[in-house]
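Working notes, beginning with the structure itself.
Keep in mind that the numbers below use all heavy atoms, side chains included, and drop hydrogens, waters and symmetry copies. To find a chain, count down the sequence lines: A is the first, B the second, and so on, and within it residues start at 1.
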There are 2 protein chains.
Amino acid sequence: MSEAEPSAAAPLVGLAAAILAATLDEPRVLTVPVAGQPAGRGEGLPAGPLEPAHPTLERGLRAWVERQTGQTLGYVEQLYTFGDRNRRKGGKGDEDRHALSVAYLALVREARPAADATWQSWYRYFPYEDRRAGRPPCLDALMARLDGWAGAATDPEESRRRSDRIGLTFGAAGSGWNEERVLERYELLFEAGLVPEAGAADDVAGHAMAFDHRRMLATALGRLRGKIKYRPVVFELMPPTFTLGQLQRVVEALSGVLLHKQNFRRLVAQQGLVEETEAVTAETGGRPARLMRFRREVLLERPAPGLRLPSGRAG
Amino acid sequence: MSEAEPSAAAPLVGLAAAILAATLDEPRVLTVPVAGQPAGRGEGLPAGPLEPAHPTLERGLRAWVERQTGQTLGYVEQLYTFGDRNRRKGGKGDEDRHALSVAYLALVREARPAADATWQSWYRYFPYEDRRAGRPPCLDALMARLDGWAGAATDPEESRRRSDRIGLTFGAAGSGWNEERVLERYELLFEAGLVPEAGAADDVAGHAMAFDHRRMLATALGRLRGKIKYRPVVFELMPPTFTLGQLQRVVEALSGVLLHKQNFRRLVAQQGLVEETEAVTAETGGRPARLMRFRREVLLERPAPGLRLPSGRAG
DNA sequence: CGAAATATGCTCAGAGTGAGCATTTACCCG
DNA sequence: CGGGTAAATGCTCACTCTGAGCATATTTCG
């Protein structure tokens, strides 16, 4: 069974990385220019084909990223392998070859640009995902168009299904906003034809990217937003020492929601995720804050050390 | 950048499926015979190469599974793409080709054998994962060998790291057993050389499989064990109607731990995951139980409808 | 010095969890 | 036919976790 002879038209395998970082108030992604794309889609993730010289997929990815951006990767995690119909090559002799792309999530500490790579805010590509200032205004236009899409279904059954799905992913009625459903929201917008990648003429649903890179980025955001709750991955994005206020700001930037300050520090403290250092800093504006550092030992103590975010709200 | 010319030695891409089901007390996986493997490794997962005729990866997978086992798949979810060094082809002209394998998790309801495929218990491959009857006896031998491996490190630092890792994945001291860490445990055993796939001479750590299929299965079990907690996927494995007792038995079989009966039914009930039917059944031994059915509407109501298992213990 | 901005401490009510006791309703057996 | 056994169900209770607020402590800015 299985291991048959290699087919004549072997698939193309690409590697791509969503490299994420966070300055105090803005979550970032590292992008590179991509030539030969439609207007408005000239930005993409660092990517390149898997080559025989690459010892492993991950090592191949690191090589491509270093070559294209100069960035050395620390934490790396495989996200998903995209390979569906709309990734098949259209042109010259490639008609029958699959084009897969193995996407990775990488977290890095510092945000120094390199080569012609640039750091961009996530929310450039997903403006509706940022709810730190309350319900973002762009959501109104978006919801209106989504409702239009739902109503436009010929079958009333289908119309109801679409409405249900909109409510579910964007958080209507009973269920509230779930910040992890980044991919589901993007795919809904895609299906509704509201993103440039799917033919939309404007950017209400955010700026586009080359190929299906925005889908990969959505996958990465969703994964990260989920993962900070049960793994101490935020600290991959923090400097060696930081204040609890800074940590909270970063978590809020990543998750896109505001948190209750006192409860946040209670949570972090009682879970043993951080420990105090001697130093304090007065750079934060008001009363000086104590500098903290991540307690690596927590990895040996607790089964799921993370920051379970509550449903959110300011303080 | 990125989309360079296809390299001369394009990678081989395979598709593989961990197809899981559950009879009342035993969780199952569908296996097929694999020729040309070392002794004791003649069982594998349904798998086959991605072909140009396959419209998508998932459709290709479904096609291979139906051809090899006759089983039609319902719920399917991509797990991971394996492609590291030890998956590279060794032989005849393939030296420089990568061999990737995209692994999927599939859940099916009924367990009817087909062709030469056979259903096997998970715990045939991971005997130490079944803690329903308490700490499995085979763990003693395993832990002894693991301790030996930890002590055998030349560097004392490395030795301590290995001990920490053993404690962490197999649940020593403070942190208890975490049933989701199936993959981490398998990989630890692999690195310690205790599985036949890594050269071990016996089966203390469970029966081997072809290629790296046992690693895929471990990934699948871990994912499923985690997912039942926040998605109602168990019901993919249940018949249309069932008693709460049966549901609990299945969840226990999947997770490998026993649950407190009264709390389990309280949980299921108050989360609105199921609803009563008119019927009762007397087949369970004692007082007849009411037959329940899955409430699909819950998908529209709750953000994360699942069965958060507690730390477990009998009732 | 007063206002503004943060950092920190502490309280409290309500929901959620882990365990166990008690009852009900079948079947099986002598 | 009565007792024993096996589940299924109902209910309680102590304890922890969580969401929200009130109050105080330090600094910088004007």
Have a look at B:Arg290 and say if it touches a base, only the backbone sugar-phosphate, or nothing, with a 4.0 Å heavy-atom cut-off. sugar-phosphate
Among all residues two or more places apart in sequence or in another chain, which pass the ring-ring contact (aromatic ring centres under 6.0 Å, His included) test with A:Phe235? A:Phe242, A:Phe294
Integer-rounded Å distance: D:dA20 P and A:Leu259 CG: 11 Å
Whole-Å distance, A:Leu267 CG to D:dA20 P, equals 14 Å
Which one, C:dT11, C:dG18, D:dA8, comes nearest to the side chain of A:Arg266? C:dT11
Minimal heavy-atom distance between A:Leu259 and A:Gln248, with the atoms involved, is O-NE2, 3.1 Å
Closest heavy-atom pair, B:Thr23 versus B:Arg28, reported as atoms and distance to 0.1 Å, is OG1-NE, 3.5 Å
One character per nucleotide, please: for nucleotides 21-30 of chain C, 5' to 3', B when the base has a protein heavy atom closer than 4.0 Å, S when only the sugar-phosphate does, - otherwise. B--BBSS---
Atom-to-atom span, CZ of A:Arg265 to P of D:dT18 - whole angstrom: 18 Å
Hey, which sits more toward the 5' end of DNA chain D by its nearest nucleotide, B:Leu244 or A:Asn263? B:Leu244
Do the side-chain N and O atoms of A:Glu26 and A:Ser121 include a donor-acceptor pair separated by under 3.5 angstrom? yes
Return the value, rounded to whole Å, for the distance between atom CD of A:Gln246 and atom P of C:dT8. 11 Å
Nearest-angstrom distance from the residue atom CG of A:Leu258 to P of D:dA20: 13 Å
Who are the salt bridge (charged side-chain N to carboxylate O under 4.0 Å, His left out) partners of B:Asp147, not counting sequence neighbours? none
Atom-pair distance (CD on A:Gln270; C1' on D:dC17), nearest Å: 8 Å
The salt bridge (charged side-chain N to carboxylate O under 4.0 Å, His left out) partner of B:Glu180 among B:Arg223, B:Lys229, B:Arg225 is B:Lys229
Can you tell me if A:Lys261 touches the phosphate of C:dT6, counting only side-chain N or O atoms and a distance under 4.0 Å to OP1 or OP2? no
